[in-house]
Number of protein chains: 2
Amino acid sequence: MMELTRKGEYAIRGIVYLATQPAEQVCLLSDIASAVDVPQTFLAKIFQQFSKIGLVRSYRGTGGGFVLGRSPDKITLLEVVEAVEGPIAPNRCVTGEGECSRDADCTVHPVWVSVQNQVRDILARVTLLDLSGR
Amino acid sequence: MMELTRKGEYAIRGIVYLATQPAEQVCLLSDIASAVDVPQTFLAKIFQQFSKIGLVRSYRGTGGGFVLGRSPDKITLLEVVEAVEGPIAPNRCVTGEGECSRDADCTVHPVWVSVQNQVRDILARVTLLDLSGR
DNA sequence: CCAAATAAGATTATTTATATCCTATTTAGT
DNA sequence: ACTAAATAGGATATAAATAATCTTATTTGG
Ligand code: SF4
Ligand code: SF4
């Protein structure tokens, strides 16, 4: 239950790799993909998503590639995961209002809220700097 | 990310309903299903799973139905969820050995172990008695 | 024997996950 | 300007998981 998808796993591997590189070092997608053992075309999609929200910067054309959008200590694992997997939500009733008609007096609902908070908290405390092993 | 499936949600609703009933009260599947708003045939499958591991007891034939297998304070939400969803595992590398060749020196791995432990802990602390609202 | 009820296996439909393909666009260097 | 290198983005394909239903069998009380 509650398993990260490949997409999420690949996303983390890819961006953590960037975090291990020297700052502002532009990395080829092909290099990243082979280094972290992820299908290149799939990783391309993931990094496009990252790029849109500024987690990475992309450079097109010859000499292009990817760089972290911010310093590694300013990017949390929570951001990375939610960028590709969507919000952390152990059940539909914690994604927003009106998802379940029973939530008003449901005794289980608070448990999921608690799970959501705990997981978010753990992931938010981990930065790419922590994960880079530097 | 990490969302409970319908099956899990239905399973919880169904067994929590049983916990709200008087002890040893045999409940019709059709009554449970309509009370918690779950497709009856789907709930049947779920309760068959519960029955196999003793979370509920089933009685066949006329006057049959389902009863909790143990007193509600002895059944945790963790048991219920894992019975139908499988083990709590935020990533494949925490399901068992050898799931990922990178786990030996992976910096992310411990984070998932932590998430797994926290979630399991939260769910294990909640019993059906708590959820029954009695 | 009959009607009520769950058990169990098979099957189907839908959705999500996991990619891959193709074309477009951008850029550096010549 | 031209070319090769590189990412962007849309469309498509395949596979797997989810969600549900169908059918048949078995059990039980009356
Ligand atoms: S836990 Fe409660 S509020 Fe959440 S989906 Fe289930 S019934 Fe609805
Ligand atoms: S977090 Fe690390 S150990 Fe776990 S699957 Fe990813 S690479 Fe493997």
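Since the model is a prediction, treat every value here as computed from it, not as a measurement. Naming convention: chains lettered A, B, ... in sequence-line order (proteins, then strands); numbering from 1 in each chain.
Inter-residue side-chain proximity for B:Glu9 and B:Glu3 is flagged as unmet; no heavy-atom pair is nearer than 4.5 Å.
For the 3.5 Å distance criterion, the side chains of A:Asp130 and A:Thr127 qualify, holding a donor opposite an acceptor.
One atom, CZ of A:Phe47, and another, P of D:dG9, lie 15 Å apart when rounded to the nearest Å. Rounded to whole Å, the distance from CD on A:Glu85 to P on C:dT16 is 14 Å. The CD atom of A:Gln48 sits 10 Å away from the C1' atom of D:dG10 (whole-angstrom rounding). Distance B:Glu3 CD to D:dA17 C1': 15 Å, rounded to the nearest Å. Atoms CZ (B:Arg92) and P (C:dA17) sit 12 Å apart, rounded to a whole Å. The interatomic distance linking A:Phe50 (CZ) with D:dT7 (P) rounds to 15 Å, in whole Å. Distance B:Arg57 CZ to C:dA5 P: 19 Å, rounded to the nearest Å.
Here the side chain of B:Gln116 pairs no donor or acceptor atom with the backbone of B:Pro90 at under 3.5 angstrom. At distances below 3.5 Å, at least one donor-acceptor pair connects side-chain atoms of B:Thr107 with backbone N or O atoms of A:Leu131.
Remark: A:Arg125 engages A:Asp121 in a side-chain hydrogen bond (donor to acceptor under 3.5 Å, both in side chains) (not counting sequence neighbours). In terms of the side-chain hydrogen bond (donor to acceptor under 3.5 Å, both in side chains) criterion, A:Arg102 has no residue partners (sequence neighbours excluded).
Residue pairs that meet the ring-ring contact (aromatic ring centres under 6.0 Å, His included) test with at least one member in residues 57-82 of chain A, sequence neighbours left out, are A:Phe47-A:Phe66. Counting only residues at least two apart or on different chains, no ring-ring contact (aromatic ring centres under 6.0 Å, His included) pair has a member in residues 103-134 of chain B.
Residue A:Ser51 has no polar side-chain atom (N or O) positioned under 4.0 Å from OP1 or OP2 of D:dT7.
Counting any heavy atom pair closer than 4.0 Å across all strands shown, A:Phe66 reaches sugar-phosphate atoms only and no base atom.
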| task | If a protein heavy atom is under 4.0 Å from the base, mark B; if only from the sugar-phosphate, S; if neither, -; do that for nucleotides 21-29 of chain D going 5' to 3'. | result | B---BBBBB
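Counting heavy-atom neighbours within 6.0 Å of B:Arg120 CZ, excluding the residue itself, gives a total of 12 or less.
A heavy atom lying under 4.0 Å from DNA chain D marks the following residues of residues 4-31 of chain B, by number: B:Thr5, B:Arg6, B:Lys7, B:Tyr10.
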